[in-house]
Amino acid sequence: MNSSISKILKKLQVHYPQTQCFLKYQTPFQLVCAVILSAQCTDERVNRTTPLLFKNFPTPEKMARAPIKAIETLIHSTGFYRHKAKNILECSKIIHHTYHGQIPSTLEELVRLPGVGRKTANVILGEIYKKSEGIVVDTHVARLSQRLQLTQSSTAEKIEQDLMGILPQSEWIAFSHRLIQHGRNLCIARKPRCNICFLQSQCPSAFLEKNKSN
DNA sequence: CTCCCGATAT
DNA sequence: ATATCAGGAG
């Protein structure tokens with residue numbers, strides 16, 4: 001691990017000490033539903049949606065018996081609601097019937113669930129089982145990794161491989177959480193606030209921003 | 001690659 | 001008006 005990367009890790013650790021999931025949930029099953037809903041949607045909106053969803057259908061068994069229209073209505077505001085409702089329903093059936101209500105504990109099993117890709121599976125593994133088989137690469141992690149030039153790749157899968165090669169496995173879970181917080185707070189997609197960013201001296205993109213003539 | 005899809009900031 | 005939000009499937 002080179003010195004720039006260890007500085008980045010250290011600063012992120014100091015500025016974002018807590019690495020908790022922002023999604024609200026009571027049970028592992030509810031986390032699975034919340035993470036599926038969080039695709040292309042802010043966690044804040046998911047958290048405004050899930051309380052009523054989980055009040056109506058709190059367990060995999062009850063969600064598996066829910067009318068799809070009811071799920072669609074309850075999650076409508078998170079977007080992609082037809083896909084997400086179908087995925088949550090199918091997931092609930094599989095979790096109830098095949099896994100007897102337990103959430104699978106390997107990446108391989110998780111990505112077989114409908115609506116669960118590597119990003120979602122890595123969130124679930126890290127959050128429920130504290131396991132890192134991979135690294136959560138969402139839109140924030142992808143964007144910040146590129147800006148910090150930790151990768152030259154453009155697809156989530158390649159970026160994940162690059163990061164796995166660079167970072168010690170013990171840092172994988174916390175790294176994603178911290179990068180996501182930083183992406184929300186400062187290194188915003190549309191208008192990064194490089195002038196007040198504590199990673200300025202480690203960030204090639206901040207240097208470029210600074211030398212723009214505008 | 002396209003499609004799914006509502007809410008919000010700019 | 002348009003880009004973007006803790007993406008995944010066909």
Side-chain angles (χ1 to χ4, degrees), chain A residues 12 16 18-25 28 30-50 52-53 68-69 71-95 104 107-128 132-148 150-151 153-161 163 171-194 205 209 214:
Chain A
L12 285 170
Y16 305 109
Q18 102 287 24
T19 60
Q20 223 179 319
C21 186
F22 194 67
L23 294 167
K24 288 188 229 161
Y25 62 96
Q30 293 182 358
L31 174 69
V32 173
C33 296
V35 185
I36 289 173
L37 290 175
S38 75
Q40 294 295 105
C41 179
T42 61
D43 284 11
E44 202 178 324
R45 175 152 298 283
V46 173
N47 287 336
R48 275 185 261 144
T49 304
T50 47
L52 193 54
L53 177 68
I68 184 130
K69 288 294 290 177
I71 302 178
E72 284 183 5
T73 304
L74 285 162
I75 67 169
H76 182 271
S77 73
T78 64
F80 300 155
Y81 64 93
R82 274 188 283 251
H83 275 316
K84 288 176 181 176
K86 190 177 178 206
N87 289 336
I88 286 176
L89 185 57
E90 291 307 310
C91 270
S92 302
K93 289 178 183 172
I94 295 169
I95 290 167
L107 192 61
E108 190 189 338
E109 290 173 295
L110 285 169
V111 294
R112 261 187 254 138
L113 297 172
V116 178
R118 285 192 66 92
K119 177 257 164 183
T120 302
N122 279 322
V123 172
I124 294 168
L125 272 183
E127 189 68 15
I128 300 179
S132 10
E133 291 189 35
I135 297 181
V136 173
V137 177
D138 69 341
T139 180
H140 290 304
V141 176
R143 184 181 70 255
L144 270 65
S145 297
Q146 288 169 340
R147 284 182 177 167
L148 288 164
L150 302 179
T151 178
S153 308
S154 52
T155 69
E157 212 161 318
K158 285 183 192 167
I159 292 171
E160 186 182 353
Q161 292 306 317
L163 293 176
E171 297 294 324
W172 290 0
I173 297 175
F175 177 77
S176 287
H177 276 113
R178 289 177 177 137
L179 229 53
I180 288 161
Q181 292 178 63
H182 194 58
R184 280 201 293 250
N185 296 340
L186 282 181
C187 196
I188 302 156
R190 302 177 205 226
K191 198 181 173 198
R193 302 165 70 185
C194 301
S205 304
E209 282 292 318
N214 58 11

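Numbered from 1 within each chain, the chains take letters A, B, ... in sequence-line order.
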Peer 1: Does dC5(B) have OP1 or OP2 under 4.0 Å away from a side-chain N or O of Arg82(A)?
Peer 2: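 For dC5(B), OP1/OP2 do have a side-chain N/O of Arg82(A) under 4.0 Å.
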Peer 1: Nearest whole Å is fine: how far is dA7(B) P from Phe80(A) CZ?
Peer 2: 13 Å
Peer 1: In whole Å, I'd like the distance from the CG atom of Asn87(A) to the P atom of dC3(B).
Peer 2: 19 Å
Peer 1: Distance between the C1' atoms of dC4(B) and dC5(C), in whole angstroms?
Peer 2: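 The answer is 15 Å between these two C1' atoms.
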Peer 1: Below 4.0 angstrom, N of the basic side chain to O of the carboxylate: do Glu44(A) and Arg48(A) qualify?
Peer 2: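 Judged by the 4.0 Å cut-off on N to carboxylate O distance, Glu44(A) and Arg48(A) do form a salt bridge.
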Peer 1: Is the closest side-chain donor-acceptor distance between His182(A) and Tyr16(A) under 3.5 Å?
Peer 2: yes
Peer 1: For the C1' atoms, the ones on dC5(B) and on dA3(C), what distance do you get once it is rounded to whole angstrom?
Peer 2: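 The same atom, C1', in both gives a distance of 15 Å.
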Peer 1: Measure the distance from CD1 on Ile188(A) to P on dT4(C) and round it to the nearest whole Å.
Peer 2: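 Atom CD1 in Ile188(A) sits about 13 Å away from atom P in dT4(C).
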Peer 1: Find the distance Gln146(A):CD to dT4(C):P and express it as a whole number of Å.
Peer 2: 12 Å
Peer 1: Does Thr120(A) have a side-chain nitrogen or oxygen under 4.0 Å from the phosphate oxygens OP1 or OP2 of dG8(C)?
Peer 2: yes
Peer 1: Would you kindly compare Lys84(A) and Arg48(A) by the position of their nearest DNA chain B nucleotide and give the one closer to the 5′ end?
Peer 2: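 Per heavy-atom nearest nucleotide, the more 5' residue is Lys84(A).
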Peer 1: Quick check for you: to the nearest 0.5 Å, what is the distance between Thr151(A) atom OG1 and Leu144(A) atom CG?
Peer 2: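 Result: 12.5 Å between the selected atoms.
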Peer 1: Below 4.0 angstrom, N of the basic side chain to O of the carboxylate: do Glu109(A) and Arg112(A) qualify?
Peer 2: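 Between Arg112(A) and Glu109(A) there is no salt bridge, as every charged N stays at least 4.0 Å from the carboxylate O atoms.
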Peer 1: Remember a base hit wins even if backbone is also touched, and classify His177(A) as base, sugar-phosphate or nothing at under 4.0 Å, heavy atoms.
Peer 2: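 Contact class for His177(A): base.
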Peer 1: Using a strict threshold of under 4.0 Å (side-chain N to carboxylate O), is an ion pair present between Arg82(A) and Glu72(A)?
Peer 2: no
Peer 1: NE2 of His182(A) versus P of dA6(C): gap in Å, rounded?
Peer 2: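 Distance check: His182(A) NE2 to dA6(C) P gives 15 Å.
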Peer 1: Within the modelled atom types, does a donor on one side and an acceptor on the other bring the side chain of Arg190(A) and the base of dA3(C) under 3.5 Å apart?
Peer 2: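 Answer is yes: a donor-acceptor pair is held.
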Peer 1: Over 60° means perpendicular and under 30° means parallel, so classify the ring planes of His76(A) and Tyr81(A), tilted if in between.
Peer 2: tilted
Peer 1: Check the phosphate of dC5(C) against Thr139(A), side-chain N and O only, distance under 4.0 Å to OP1 or OP2. Yes or no?
Peer 2: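 Thr139(A) to dC5(C) OP1/OP2: side-chain N or O found under 4.0 Å.
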Peer 1: Starting at atom CD1 of Ile159(A), determine the distance to atom P of dG7(C), rounded to an integer number of angstrom.
Peer 2: 13 Å
Peer 1: Using a heavy-atom cut-off of 4.0 Å across all strands, would you classify Val123(A) as base, sugar-phosphate, or nothing?
Peer 2: base
Peer 1: Could you tell me whether Leu113(A) contacts a base, only the sugar-phosphate backbone, or nothing, with contacts defined as non-hydrogen atoms closer than 4.0 Å?
Peer 2: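 The residue Leu113(A) makes sugar-phosphate contact but no base contact.
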Peer 1: Looking for any heavy atom pair under 4.0 Å, which part of the strands does Arg184(A) touch: base, sugar-phosphate only, or nothing?
Peer 2: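 The residue Arg184(A) makes base contact.
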Peer 1: Just to be sure I understand the rule, does His140(A) reach a base, reach only the sugar-phosphate, or reach nothing, if contact means heavy atoms closer than 4.0 Å?
Peer 2: sugar-phosphate
Peer 1: Separation of Leu179(A) atom CG from dA6(C) atom P, in whole Å?
Peer 2: 13 Å
Peer 1: Rounded to whole Å, how long is the line connecting atom CD1 of Ile88(A) with atom P of dA9(C)?
Peer 2: 13 Å
Peer 1: Need to verify one output field. Residue with the more 5' nearest nucleotide on DNA chain C, Arg143(A) or His83(A)?
Peer 2: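 First, find each residue's nearest nucleotide; the 5'-ward one identifies Arg143(A).
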Peer 1: Using a 4.0 Å heavy-atom cut-off across all strands, classify Thr78(A) as base, sugar-phosphate, or nothing.
Peer 2: nothing
Peer 1: Please check the phosphate of dG7(C) (OP1 and OP2 only) for any side-chain N or O of Arg118(A) closer than 4.0 Å.
Peer 2: no
Peer 1: Should Phe22(A) be counted as stacked on dA6(C), where stacking needs a ring-centre gap under 5.5 Å and an angle between planes under 30 degrees?
Peer 2: no
